[in-house]
2 protein chains.
Amino acid sequence: MGLPLRKSKVLPPPQCPLSMCMDLLRGAWAPNVIWYLRGGARRFGELRHDIPRISARVLSQRLRELEARGMIMRRLLDTSPPSAEYELTELGHELLPALDAIVKVGTKLRHDAAPKRRLAA
Amino acid sequence: MGLPLRKSKVLPPPQCPLSMCMDLLRGAWAPNVIWYLRGGARRFGELRHDIPRISARVLSQRLRELEARGMIMRRLLDTSPPSAEYELTELGHELLPALDAIVKVGTKLRHDAAPKRRLAA
DNA sequence: CAGGATCCTAATCGATACTG
DNA sequence: CAGTATCGATTAGGATCCTG
């Protein structure tokens with residue numbers, strides 16, 4: 001017989017907001033997309049240029065996901081050839097403090113403790 | 001010929017701290033592990049109980065990862081049967097503000113916009 | 001109780017080619 | 001330019017069994 005389980009000292013996040021928000025940031029690229037939209041509206045091709053190693057397919061997927069969840073707005077421009085522009089919604093702007101907090105921790109991480117994988121930016 | 005690319009108004013996060021920190025929180029369970037360690041040291045079995053749907057294998061993986069990157073400390077207890085306890089390091093505590101910011105956004109998300117997947121808590 | 005070994009499924013991503 | 005379709009590689013995760 002081992003030790004008895006102690007009661008947790010922290011409450012589970014009600015209705016799982018932690019997971020709900022992490023779902024938004026899931027994947028290698030979603031945080032970068034949001035990061036580069038903080039400066040204002042940005043076209044598809046501009047985002048591809050901002051985030052060089054993202055593929056068109058994944059960028060398209062992330063943009064549609066973020067749009068479906070009300071984080072960004074898509075605007076079709078009446079140009080030739082046609083182009084599209086994406087912009088953070090009011091709700092989407094609320095992600096920025098979270099992103100800032102994450103970046104702030106990131107700057108304190110020791111580089112030698114980083115994983116040996118591709119970086120996402 | 002379409003529109004010219006506009007210069008991005010935001011700087012890329014230097015040395016990619018955004019991705020470095022997101023790597024720590026990547027996956028469905030790492031944020032939950034950190035969340036439940038904020039109340040103090042916690043044993044392996046207690047964490048399994050805190051996070052009911054995590055498997056022992058994945059919990060073990062996440063704990064080893066977080067330990068390798070200096071976010072948590074592992075302590076072997078001299079009990080019978082032997083048990084192990086995990087605790088946030090000083091560096092690990094710096095993740096908490098980021099987690100709080102994420103949760104804060106999560107509480108504002110519309111539930112109907114959530115994905116149709118398993119929740120991670 | 002803690003956690004490694006094995007096997008398998010599902011999700012994510014990159015590359016390439018193609019459409020309106 | 002702004003995407004979509006298809007394919008294959010990588011990875012996270014679950015289930016089960018097993019050991020100290």
Side-chain angles (χ1 to χ4, degrees), chain A residues 1-6 19 22-33 41-68 72-87 115-121, chain B residues 1-6 19 22-33 41-68 72-87 115-121:
Chain A
M1 51 201 62
L3 304 178
L5 293 188
R6 294 166 294 188
S19 304
M22 284 306 295
D23 274 344
L24 281 177
L25 304 179
R26 182 173 317 242
W29 299 114
N32 279 288
V33 172
R42 206 98 180 110
R43 296 199 311 278
F44 190 90
E46 291 175 327
L47 287 170
R48 285 193 74 176
H49 179 261
D50 293 337
I51 317 172
R53 316 191 349 159
I54 197 173
S55 66
R57 190 181 75 94
V58 172
L59 176 57
S60 174
Q61 281 177 353
R62 294 296 146 260
L63 288 171
R64 272 183 285 119
E65 254 182 50
L66 291 170
E67 186 191 10
I72 65 177
M73 289 288 295
R74 179 189 135 106
R75 188 176 17 250
L76 254 168
L77 303 180
D78 190 17
T79 55
S80 165
S83 49
E85 201 172 67
Y86 298 87
E87 193 167 4
K116 306 283 179 292
R117 258 184 298 155
R118 52 158 175 57
L119 290 180
Chain B
M1 49 204 60
L3 305 177
L5 292 188
R6 294 167 294 188
S19 305
M22 283 306 297
D23 274 345
L24 282 177
L25 304 178
R26 184 172 320 248
W29 299 116
N32 280 283
V33 171
R42 206 99 180 111
R43 297 198 310 278
F44 190 89
E46 291 175 325
L47 287 171
R48 285 194 73 176
H49 178 263
D50 293 337
I51 316 171
R53 318 190 348 160
I54 197 174
S55 67
R57 191 181 74 96
V58 171
L59 177 56
S60 176
Q61 281 177 352
R62 294 296 147 262
L63 288 171
R64 270 183 285 118
E65 256 181 49
L66 290 170
E67 187 192 8
I72 65 178
M73 288 289 296
R74 179 188 133 107
R75 189 176 16 251
L76 253 168
L77 302 180
D78 190 16
T79 56
S80 165
S83 49
E85 201 172 67
Y86 297 86
E87 192 168 5
K116 306 283 178 290
R117 259 182 299 156
R118 54 159 174 56
L119 291 180

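Letters A, B, ... mirror the listed sequences (proteins, then strands); counts begin at 1.
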Q.
Could you tell me how far apart B:Asp50 (CG) and C:dA2 (C1') are, to the nearest whole angstrom?
A. 16 Å

Q.
Reading DNA chain C from 5' onward, which residue's closest nucleotide shows up sooner: A:Leu3 or A:Ser55?
A. A:Leu3

Q: List for me each residue that meets side chain to side chain donor-acceptor pair (under 3.5 Å) alongside B:Thr79, sequence neighbours excluded, and say none if there are none.
A: B:Ser83

Q.
On DNA chain D, does the nearest nucleotide to A:Glu46 precede the nearest nucleotide to B:Gly27 from the 5' side, or the other way round? Give the residue.
A. A:Glu46

(Q) For A:Arg62, give me all partners under salt bridge (charged side-chain N to carboxylate O under 4.0 Å, His left out), at least two apart in sequence or on another chain. (A) A:Glu65

(Q) Considering every strand and a 4.0 Å limit on heavy-atom distances, what is the contact class for B:Arg57: base, sugar-phosphate, or nothing? (A) base

Q: Rounded off to whole Å, could you give me the CG-to-P distance for the B:Asn32 and D:dA12 pair?
A: 17 Å

**Q.** A:Arg62 side-chain proximity, nearest of C:dT12, D:dT4, D:dA2
**A.** C:dT12

Q: Under the salt bridge (charged side-chain N to carboxylate O under 4.0 Å, His left out) rule, collect the residues that match up with B:Arg6, sequence neighbours excluded.
A: A:Glu46, A:Glu85

Q.
What is the separation between atom CZ on A:Phe44 and atom C1' on D:dT4, rounded to the nearest whole Å?
A. 10 Å

Q) Within this structure, what is the CD-to-P distance between B:Glu65 and C:dG4, rounded to whole angstrom? A) 13 Å

Q.
Measure CD1/B:Ile54 against C1'/D:dA15 and give the value in whole Å, please.
A. 14 Å

Q. Looking at C:dA2, D:dG14, C:dC13, which one has an atom nearest to any side-chain atom of A:Trp29?
A. C:dC13

(Q) Among residues at least two apart in sequence or on other chains, which ones pass side chain to side chain contact (heavy atoms under 4.5 Å, CB included) with A:Arg74? (A) A:Glu67, A:Leu76, A:Ala84, A:Tyr86

Q) CG of A:Leu77 versus C1' of D:dG3: gap in Å, rounded? A) 14 Å

Q.
I want to check something: taking the side chain as every heavy atom from C-beta on, are A:Phe44 and A:Leu47 in contact at a cut-off of under 4.5 Å?
A. no

Q: Round to a whole Å and report the spacing from CD of B:Gln61 to P of C:dA5.
A: 11 Å

**Q.** Residue whose closest nucleotide on DNA chain C lies nearer the 5' end, B:Ser83 versus A:Pro81
**A.** B:Ser83

Q: Look at the side chain of B:Arg43 and the backbone N and O of A:Pro4, then say whether any donor-acceptor pair between them is shorter than 3.5 Å.
A: yes

Q) Rounded to whole angstrom units, what separation is found between the CZ atom of A:Arg42 and the C1' atom of D:dA2? A) 16 Å

Q. For DNA chain D, what are the stems built from at least three Watson-Crick or G-U pairs in a row, each pair having both distances below 3.5 Å?
A. C:1-20 with D:1-20

Q) Given C:dC13, D:dG20, D:dA2, which nucleotide is nearest the side-chain atoms of A:Ala28? A) C:dC13

Q | Residue list, salt bridge (charged side-chain N to carboxylate O under 4.0 Å, His left out) with A:Glu87, at least two apart or on another chain | A | A:Arg75

Q) Base, sugar-phosphate, or nothing for A:Arg48, non-hydrogen atoms under 4.0 angstrom? A) nothing

(Q) Please confirm whether the shortest side-chain N or O distance from B:Arg64 to OP1 or OP2 of C:dG4 is below 4.0 Å. (A) yes

